[in-house]
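Each residue takes its place number in the sequence, starting with 1.
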Amino acid sequence: MSDIFQEVDEDLRAERARRLLFRYGGWLIAAALAVLAATGAFEYRQWRQRQADEKLAARYLDAVHAATAEPADTKQALAGFAAIIPEAGPGYRDLAALQQAALLAKTGHLPEALAIWDRLANASDTDRLLARLAALLSVQHQLDNGDPAMLATRLTALESPDDPYRALATEMRALLALRLGKRDDAKKIFSALLHDEAAPPGLRQRAGALLAELGG
């Protein structure tokens, strides 16, 4: 007798399951398909992004190769960097802009290069390391004839203890002092750099050589 009740109970459970499936099955299938579609779309976007990044990397390297080849193909390099900037995200965009500015400066188009460096230095979405590098390059290319007060202000901003280019900014401040005829100030700065253990070894060596030339 118990077997009969068990069979009836199982039949009732099966019937309830069929009714539930009929009632909610469409929704469950739709939900499952939505999850699969979302997962597939995410994976597809990731794949497309990887493909796009790889293409940008290849184009960036092609432009760098054109710029550094012997002889350099300046026109092709500048066109390559210019094409990347509006298409890429902050990473390759800013690297391409830095390369573009360096090439412009090298080929006698300093005002255009300065405009790019200053834009990168002041843009809120530029990577901090690249922004500080752009600011430093802008100052470096104006040491000979730029406004001394403006250059000194920019260098002071780059000499904070946690700035990655602090030592280079300090060296430029010494060179600016030399340009202004302030030999004693330059000697003090070079001497401080020479004994700055946090400064790169090559920079300390250069500071020592310049200090010796100044009779320090």
Side-chain angles (χ1 to χ4, degrees), residues 37-70 72-144 146-147 150-173 175-176 198-200 202-203:
T39 303
F42 176 77
E43 293 294 334
Y44 178 69
R45 285 196 299 271
Q46 292 289 91
W47 177 79
R48 286 292 300 272
Q49 186 60 52
R50 286 193 296 270
Q51 293 289 102
D53 288 344
E54 289 174 3
K55 289 180 180 178
L56 277 172
R59 289 167 59 191
Y60 175 78
L61 291 175
D62 285 344
V64 170
H65 178 73
T68 56
E70 291 293 343
D73 191 338
T74 303
K75 185 177 180 179
Q76 180 182 341
L78 286 173
F81 293 132
I84 290 171
I85 292 170
E87 298 179 18
Y92 279 115
R93 179 197 67 194
D94 296 339
L95 287 172
L98 283 171
Q99 294 279 6
Q100 181 187 44
L103 197 53
L104 286 168
K106 183 178 179 181
T107 54
H109 300 86
L110 185 57
E112 293 92 330
L114 291 174
I116 295 172
W117 284 322
D118 291 343
R119 175 177 56 78
L120 287 172
N122 296 310
S124 60
D125 60 344
T126 304
D127 175 82
R128 180 177 182 272
L129 193 66
L130 297 182
R132 307 302 271 179
L133 176 59
L136 188 75
L137 289 169
S138 179
V139 171
Q140 179 188 20
H141 285 79
Q142 297 180 81
L143 275 178
D144 290 341
D147 176 65
M150 178 272 292
L151 295 175
T153 299
R154 292 191 176 186
L155 288 172
T156 299
L158 290 165
E159 287 188 89
S160 60
D162 64 336
D163 196 284
Y165 303 110
R166 177 187 60 81
L168 286 169
T170 301
E171 181 185 46
M172 289 187 194
R173 185 159 55 85
L175 295 174
L176 181 60
L203 193 150

Any salt bridge (Lys or Arg N to Asp or Glu O under 4.0 Å) pairs touching residues 88-107, not counting sequence neighbours?
Arg93-Asp125
Where Ala72 and Ala67 come nearest, the two heavy atoms and their spacing:
CB-O, 3.3 Å
With sequence neighbours left out, write down each residue that passes salt bridge (Lys or Arg N to Asp or Glu O under 4.0 Å) with Glu159, or none if nothing qualifies.
Arg173
Considering all heavy atoms of both residues, which atom of Ser160 and which atom of Arg166 are nearest to each other, and what is their separation?
O-CD, 3.6 Å
Under the side-chain contact (heavy atoms from CB on, under 4.5 Å) rule, collect the residues that match up with Asn122, sequence neighbours excluded.
Asp118
Run Arg132 and Thr126 through side-chain contact (heavy atoms from CB on, under 4.5 Å) and show every step you take.
CA-CA 9 Å; Arg132 307 302 271 179; Thr126 304; over 6 Å; no
Where do Met172 and Leu151 land on the side-chain contact (heavy atoms from CB on, under 4.5 Å) test, with the steps shown first?
CA-CA 9 Å; Met172 289 187 194; Leu151 295 175; over 6 Å; no
Across all chains, not counting sequence neighbours, the side chain to side chain donor-acceptor pair (under 3.5 Å) partners of His65 are none
Interatomic spacing from CZ in Arg154 to CD in Gln142 - rounded to 0.5 Å:
6.0 Å
Here the pair of heavy atoms bringing Pro200 nearest to Ala167 is CD-CB, 3.9 Å
Can you list every pair that meets side chain to side chain donor-acceptor pair (under 3.5 Å) and has a residue in residues 72-89, with sequence neighbours left out?
Arg59-Glu87
Asp144: side-chain contact (heavy atoms from CB on, under 4.5 Å) partners, not counting sequence neighbours:
none
Hey, are the side chains of Asp127 and Pro90 touching, using non-hydrogen atoms and a 4.5 Å cut-off?
no
When rounded to the nearest 0.5 Å, the distance separating CG of Leu137 from CD1 of Ile116 is 11.5 Å
Any Leu120 side-chain heavy atom under 4.5 Å of Leu130 side chain
no
Nearest heavy atoms of Asp162 and Arg128, plus distance in Å:
OD2-NH2, 3.9 Å
Can you name the nearest heavy-atom pair linking Ala63 to Ala77, along with the distance?
O-CB, 3.5 Å
Smallest heavy-atom separation, Ala113 atom then Leu104 atom, equals CB-CB, 4.1 Å
Mind checking the CZ-CG spacing from Phe81 to Leu103? Nearest 0.5 Å is all I need.
7.0 Å
Does Leu129 reach the side chain of Tyr165, with side-chain heavy atoms less than 4.5 Å apart?
yes
Would Ile85 and Tyr92 count as a side-chain contact (heavy atoms from CB on, under 4.5 Å) here? Give the steps.
CA-CA 7 Å; Ile85 292 170; Tyr92 279 115; over 6 Å; no
Matching residue for Leu56 among Leu61, Ile84, Leu95 - test: side-chain contact (heavy atoms from CB on, under 4.5 Å):
Ile84
When you measure from the side chain of Ser138 to the backbone of Trp117, do you find a donor-acceptor pair of N or O atoms at a distance under 3.5 Å?
no
